[in-house]
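Okay, structure first, notes after.
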Number of protein chains: 2
Amino acid sequence: MLDDRSKKILHAVIQLYISSPGPVGSRSITKKFPIGLSPATIRNIMSDLEDMGFLRQPHTSAGRVPTDSGYRFYVDALTAEKSDNDAELASELIRKLELIRTDINSFLDNASRMLSELSHYIGISVSLNTHQTMLSRIEMLPYRKNQIAVMLITDEAVIRNKIISVEQEVSREDLNRLAGYLNERFAGHTLEDIRKTIVAEIANDRMLCDGLISEAMAICNNVFSASESDVFISGLSEVLTLPDFCDIERIRRLFRTIEDKQVILSLLEKISATDGPQVLIGSENPLDELKQFSFVAAPYCEGNRPIGAIAIIGPTRMNYGQAIYLVDMTAKFITDIFSYSR
Amino acid sequence: MLDDRSKKILHAVIQLYISSPGPVGSRSITKKFPIGLSPATIRNIMSDLEDMGFLRQPHTSAGRVPTDSGYRFYVDALTAEKSDNDAELASELIRKLELIRTDINSFLDNASRMLSELSHYIGISVSLNTHQTMLSRIEMLPYRKNQIAVMLITDEAVIRNKIISVEQEVSREDLNRLAGYLNERFAGHTLEDIRKTIVAEIANDRMLCDGLISEAMAICNNVFSASESDVFISGLSEVLTLPDFCDIERIRRLFRTIEDKQVILSLLEKISATDGPQVLIGSENPLDELKQFSFVAAPYCEGNRPIGAIAIIGPTRMNYGQAIYLVDMTAKFITDIFSYSR
DNA sequence: TTTAGCACTCTCCTTGTTCGAGTGCTAATA
DNA sequence: TATTAGCACTCGAACAAGGAGAGTGCTAAA
């Protein structure tokens, strides 16, 4: 499809553009890259690459800039061959990954911060709400007046707390009976199953004293409804240093979109259906507001089931090699932790 | 100190400057405010106000701009009199506060988002780590291999989960005994007390089988050490719309500072020693990076003890009346919730 | 097929100029 | 005596013109 020479030139353009934005001309390529060709020849080739849609000219008589398809081609070639291994980056990564291992409580927060610090882009980590989470135990405690603390212990890394308000006061004994009943009934089922069947089942069951039934149903509905996922975002200040973001309106829209965690969540949910690192370049992104940015994401799993994802958001002019490396390694590391501690 | 006329002019300058930035001149004051004075007179007064340090001139023959002391004077006058009650804002506020009541689980997140949405500045809410939190119960459960889930149920709204790793496996029976022991020993004490006395006490106590002692100490140290607080920040995209932030470097430094939640936490901790809404204007702020911004904060309490705080960060050219109103009402509302549900 | 040379184009930066808003000062006025 | 009108002056924003520099496309030569 593309001869070797054209590929080399395309890569050269992209790498120059990544290291500093602004159209790259034929002359600067000959200077920085030892291809035995004159600027004129390179101009011809670049013209061809432009016809093929891999490069474009911001205006007549400016240098060339990669298009999204250009990046796509570059990234596809990148994942095929060995990614660049910056030794310093690697050791820094290992050091920070250890932090994640030792502080499993806030590993999501740590992971997102680490990704942003090492990549200098935005780091994101989420625990997915797959509805496939399995309940391993439920605990209920009286908390305050008319409030009950419910703890769902799932087979994920996350324990979910809920404080729910109830109409009438419920005694500790009743709570224990209710919890015991629920445990017996539902331990080992997915949260989604529980939510679906619970109303019907409980309504039919005579094991509970009738006065408690309505309360129980209310509680269960509340607890098992939308089990929220966690989303951590770090490094917003990082991208403000990039020259790409001189246009403040663009950043604003990006931030606005990212702040709506639900959006991020559903995007990453979609991405983590496939395993291994995924790259969405510019317009490949389903969300309009993110079409000017790129997304590098990978799910982490427990066993074979993805239970979360981490990601990097940056400009389309992103250091893809490094980003993919970081995301991939981190996801694998977290997956390892989960399979180890079983 | 200041005669009535000067005050009126100062307020006029500040209000005009708040509604749109850029030096305000004598002419525009006479247009927008029905003071029966000519521009020339106002010029004289403004010149006096400048000498007193309440206004300043960006350059010769430009209009005047309020200084930090100008804002301070304005804010002090504001809190004395009745703050402006925008009916629409008030009803919107009530509506959103109800959301906080019904979703007590993520009320901090909701509160920060609400503050930013209504004020169009940055909204912050934290639960303070006062070390005065009282432990009401502790639960321990085996979680995964070599991991224990510990739940601290405190008398705050927050339940703290910790998953901690242990060297040797601990049986469920041992865990129960340990938990029972800890409950008996420490329920009703503050976390700080527990952390201080725990090592000595446990080491001396023979009630535990000896093999468990080292594990227990490790667990307790881990659990009671730095009990992290929650920090929620919303509305970063809001401030990007403000014309004040055309200088991208300034925003970057602000974001960078805010992203370090520890900084925010200690700042709000200091502020919430005093009760009622506090205002830090520009250079009054202890942190260098925030000296170009203003901070409106108020603690919320359980009983008389502050257990958290909410805040708004915006430009010094902030709508102080509205911000104070929002923060004050919200803090009071949250305080109410806590005293009610007792 | 590749390269050298040349004319052309476009952006960026600098310089000069104008325009308008606003001030400070002084003299006139109530 | 306090206020106002008038006037000269200052400064920044906005606009235009011009030159420098980088880069291209095309043509002709190697």
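From a predicted model like this one, the values you see are computed outputs, not experimental measurements. All values below were derived from every heavy atom in this structure, side-chain atoms included, with hydrogens, water molecules and symmetry-related copies excluded. Reminder, nothing fancy here: chain letters follow the sequence lines and each chain counts from 1.
- Here the C1' atom of nucleotide C:dT23 and the CZ atom of B:R56 are 16 Å apart, to the nearest Å.
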Set out, in order, the CA-CA distance, both residues' side-chain angles and the distance that settles salt bridge (charged side-chain N to carboxylate O under 4.0 Å, His left out) for A:R56 and A:E50, then state yes or no. CA-CA 5 Å; A:R56 83 191 160 76; A:E50 187 172 4; over 6 Å; no
Report the C-alpha distance between A:R64 and A:L49 in whole Å, list the side-chain angles of each, state the deciding distance to 0.1 Å, and finish with yes or no for side chain to side chain contact (heavy atoms under 4.5 Å, CB included). CA-CA 10 Å; A:R64 301 306 208 289; A:L49 286 171; over 6 Å; no
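- One atom, CG of A:L49, and another, C1' of D:dT24, lie 15 Å apart when rounded to the nearest Å.
- Between A:M46 atom CE and D:dG25 atom P there is a gap of 8 Å when expressed in whole angstrom units.
- Remark: the backbone N or O of B:I18 is paired with a side-chain donor or acceptor of B:R317 at under 3.5 angstrom.
- If you take CD1 of A:I9 and P of C:dT2, they are 11 Å apart, rounded to a whole angstrom.
- No hydrogens or angles were tested; on distance alone, nothing pairs the side chain of A:R27 with the base of D:dG23 as donor and acceptor under 3.5 Å.
- Aromatic ring orientation, B:H11 versus B:Y74: perpendicular (interplanar angle above 60°, classes split at 30° and 60°).
- In this structure, A:L55 atom CG and D:dG23 atom C1' are separated by 15 Å, rounded to whole Å.
- The phosphate of D:dA22 (OP1 or OP2) has no side-chain N or O of A:R43 nearer than 4.0 angstrom.
- A:S61 contributes a side-chain N or O that forms a donor-acceptor pair with the base of C:dT9 under 3.5 Å.
- Whole-Å rounding puts the A:N44 CG to D:dC26 P distance at 9 Å.
- Minimum atom distance to the side chain of B:Q57 is reached by C:dG24, of the listed C:dG24, C:dC10, C:dT3.
- Between the CZ atom of A:R5 and the P atom of C:dT3 there is a distance of 8 Å, given to the nearest Å.
- When the nucleotides D:dT10, C:dT3, D:dT4 are ranked by their closest atom to the side chain of B:A40, D:dT4 comes out on top.
- Summary of the strand contacts: B:T41 and B:P58 both lie near DNA chain D, and taking for each the nucleotide with the nearest heavy atom, the more 5' one is attributed to B:T41.
- The local environment of NZ in A:K8 is sparse, with at most 12 non-hydrogen atoms from other residues, nucleotides or ligands closer than 6.0 Å.
- Here B:S26 does not reach the OP1 or OP2 of C:dG22: none of its side-chain N or O atoms lies under 4.0 Å away.
- C:dT2 atom P lies 7 Å from atom CD1 of A:I45, rounded to whole Å.
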